[in-house]
Number of protein chains: 2
Amino acid sequence: MDGATEDKSDLSAKIAADIRDSIVSGKLIVDERLPSEAELAEDFGVSRPTVREALKRLAAQSLIRTRRGAMGGAFVNRLSFEEAYGQQITTSTLLLSMNEVDFETACEARFALERACAPLSAQRRSADHLATMRAEVHRQSQPGLSDESFCASDVAFHRALVDGAGNPVLSYQLAGAVEAMQPLMNMITFTARSREVIVALHAGLADALEARDGAGVDGRLIELADYTVALYNRLRQARHAPKAAPEA
Amino acid sequence: MDGATEDKSDLSAKIAADIRDSIVSGKLIVDERLPSEAELAEDFGVSRPTVREALKRLAAQSLIRTRRGAMGGAFVNRLSFEEAYGQQITTSTLLLSMNEVDFETACEARFALERACAPLSAQRRSADHLATMRAEVHRQSQPGLSDESFCASDVAFHRALVDGAGNPVLSYQLAGAVEAMQPLMNMITFTARSREVIVALHAGLADALEARDGAGVDGRLIELADYTVALYNRLRQARHAPKAAPEA
DNA sequence: AGAACTTTAAATGTCTGACAAATGGATTTT
DNA sequence: AAAATCCATTTGTCAGACATTTAAAGTTCT
């Protein structure tokens, strides 16, 4: 899974992989207590520090949690959607920033996924989701807002849209795609004009959601995707040829 | 991110979070070497085992890699899509199996996401992708195939479809959704008849992909989603009321 | 008998110090 | 100059110890 099954040394990786397999395969069930570190050391024929390193690896993936004291120990953790969100976002963010994924590719993926949620959200969104979206639209239209806050509000808006589909698996998957884009979006300096356009599109999205108009939502998302890419490209050109443009 | 920023003790978690932040924020760049364990211990005012536990946490997330010997040490790892796939799949699989996500919800998410790729794949799929899909369809139609192999081939087929979109971000996201479903799919005992239906739908998908018929692909995917859920529900009913039928 | 306090055992968290093994560079030998 | 050797650096592993936390068992007082 994480390159742990190397044949070289690195006992802690092998032990971690071993225990991880037991969890994934269901041999160890949720909330079950693992043997104590001393027992594990005995079982695997290694020292306690090595066992501890293995357990920390698992803890980093939220596969186990530990408690001190009598009746303490390491327990198989029920992986919650909340915990998974965090890891998903970290991983997605790093993937984009480290692999020179171009803006168009990331944007295409993000909006393709979001469009997958759109019809479901149009069908099922609650009044709460709609209210959240309206509130974020309102915040976005306030003049004094910093670029970071604008982007954060943008993320909150789209998460509400996605959550409206009422499918936690979709929300989880989309969390990565939407949040991982934020650092890229933060690179864009939003002019008053571009904010105006985006806010209008967001308002249109909320309207379509309110009317439970799936096709309308889809259309607005396409517009938003196109506009976002166009905005990025304009910025890119301005940066790469900063002296050629001014007089035009 | 992973609950590491607790105020309690657990120094290794805090140190891991600290270094992770440096990586995510870009303060530490790809392939940069971290200070040696001894130096980190000095810097953070802890012992070497504690530093090591922190580093193992990061290694478990593929954020760093380590090398022994002179000029060795811990290096910021360029998170590859391959590595991210693995983690994504582990996480997604556990999320589904541990949280009583019902089959319909998982299935809905999976096919919604796949449908998001469909038009792109119809437009861009290479001959290679098509050939892979054809080969898997052929394998699936062989009579002696075990249920596990059938499911594995199913996954390979759908991954080829998704990869056809030529967007690594989408492929990464979908990898989780598609592969995580496999344990659930493995619960289904595929009769000869149901395999026939599925193979036919797969063949239809390949045909539509070949014709670059986005709408056709979409339609087939919807059929496949519906059929899969129906298959599961039939099985479910047969299991929940197994005594109602025999004497009748 | 019951409630409040104390003791105790089990477990993780942390530290110290040590040795093994790998690795690249410097040094010596051929 | 090439090959072999040595050496410093760094991670991997181990052993043993102490600190801290926690829940349960035991004790004392009412």
Side-chain angles (χ1 to χ4, degrees), chain A residues 2-20 22-23 28 31-77, chain B residues 2-20 22-23 28 30-78:
Chain A
D2 66 328
T5 13
E6 290 154 10
D7 31 20
K8 300 183 175 189
S9 64
D10 216 341
L11 293 174
S12 73
K14 273 188 251 180
I15 293 169
D18 199 275
I19 299 175
R20 179 164 36 236
S22 295
I23 295 175
L28 288 170
D31 291 334
E32 185 171 341
R33 183 181 174 281
L34 275 67
S36 72
E37 294 175 355
E39 287 175 278
L40 286 171
E42 180 92 10
D43 294 349
F44 286 103
V46 299
S47 66
R48 195 158 82 91
T50 302
V51 166
R52 281 183 62 80
E53 288 178 8
L55 294 180
K56 295 313 172 196
R57 294 179 116 108
L58 300 175
Q61 296 181 302
S62 302
L63 297 189
I64 62 168
R65 60 177 186 280
T66 54
R67 238 178 35 208
R68 297 222 277 194
M71 295 292 99
F75 298 82
V76 177
N77 192 39
Chain B
D2 67 327
T5 10
E6 290 153 8
D7 32 19
K8 301 182 175 191
S9 63
D10 217 341
L11 292 174
S12 73
K14 272 187 253 179
I15 293 169
D18 200 276
I19 299 175
R20 179 162 38 237
S22 295
I23 295 175
L28 289 170
V30 166
D31 292 334
E32 184 171 341
R33 183 180 174 279
L34 276 66
S36 72
E37 294 175 353
E39 288 175 278
L40 286 172
E42 179 91 10
D43 293 351
F44 286 103
V46 299
S47 67
R48 193 159 83 93
T50 301
V51 167
R52 282 183 62 79
E53 288 178 7
L55 293 180
K56 295 313 168 196
R57 295 179 114 108
L58 300 175
Q61 295 180 303
S62 302
L63 296 190
I64 61 169
R65 59 177 188 280
T66 54
R67 238 176 37 207
R68 292 221 274 196
M71 295 294 99
F75 298 81
V76 177
N77 193 38
R78 159 162 278 132

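Naming convention: chains lettered A, B, ... in sequence-line order (proteins, then strands); numbering from 1 in each chain.
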Measure the shortest side-chain to side-chain distance between B/L58 and B/I19 over non-hydrogen atoms and say whether it is less than 4.5 angstrom.
-> yes
Tell me: CZ of B/F75 to P of D/dT9, nearest whole Å?
-> 16 Å
Residue list, salt bridge (Lys or Arg N to Asp or Glu O under 4.0 Å) with A/R67, at least two apart or on another chain = none
Heavy-atom check, side chain of A/L34 versus side chain of A/L55, under 4.5 Å | yes
Do the side chain of B/N77 and the main chain of B/S62 share a donor and acceptor less than 3.5 angstrom apart?
-> yes
Rounded to whole angstroms, how far apart are CZ on A/R68 and C1' on C/dT12?
-> 6 Å
OP1 or OP2 of C/dG13 under 4.0 Å from side-chain N/O of B/S12 = no
For A/E32, does the CD atom sit with more than 12 other heavy atoms under 6.0 Å from it, leaving out its own atoms?
-> yes
Interatomic distance, B/L55 CG vs D/dT13 P [rounded to whole Å] = 14 Å
Side-chain heavy-atom pair B/L28, B/R20 within 4.5 angstrom cut-off | no
Contacts of A/T50 and A/M71 projected onto DNA chain D by closest heavy atom; the upstream (5') one is A/T50
Of D/dG12, D/dT22, C/dA11, the nucleotide closest to the side chain of A/S36 is C/dA11
Grab the CZ-C1' distance between B/R65 and C/dA22 for me, whole Å please.
-> 17 Å
Check whether any side-chain heavy atom of B/F44 lies under 4.5 Å from a side-chain heavy atom of B/D18, and answer yes or no.
-> yes
With heavy atoms under 4.0 Å as the rule, sort A/R67 into base, sugar-phosphate or nothing.
-> sugar-phosphate
note: A/E37, atom CD; D/dG16, atom P; distance rounded to Å ~ 17 Å
Separation of C/dA21 atom P from A/L11 atom CG, nearest Å, is 12 Å
Return the value, rounded to whole Å, for the distance between atom CZ of A/R52 and atom C1' of D/dT13.
-> 15 Å
Is there a residue in residues 40-49 of chain A whose heavy atoms reach under 4.0 Å of DNA chain C, and which residues are they?
-> A/R48
Starting at CD of B/E53 and ending at P of C/dG13, how long is that distance when rounded to a whole Å?
-> 8 Å
Base, sugar-phosphate alone, or nothing: which one does A/R33 contact when heavy atoms must sit under 4.0 Å apart?
-> sugar-phosphate
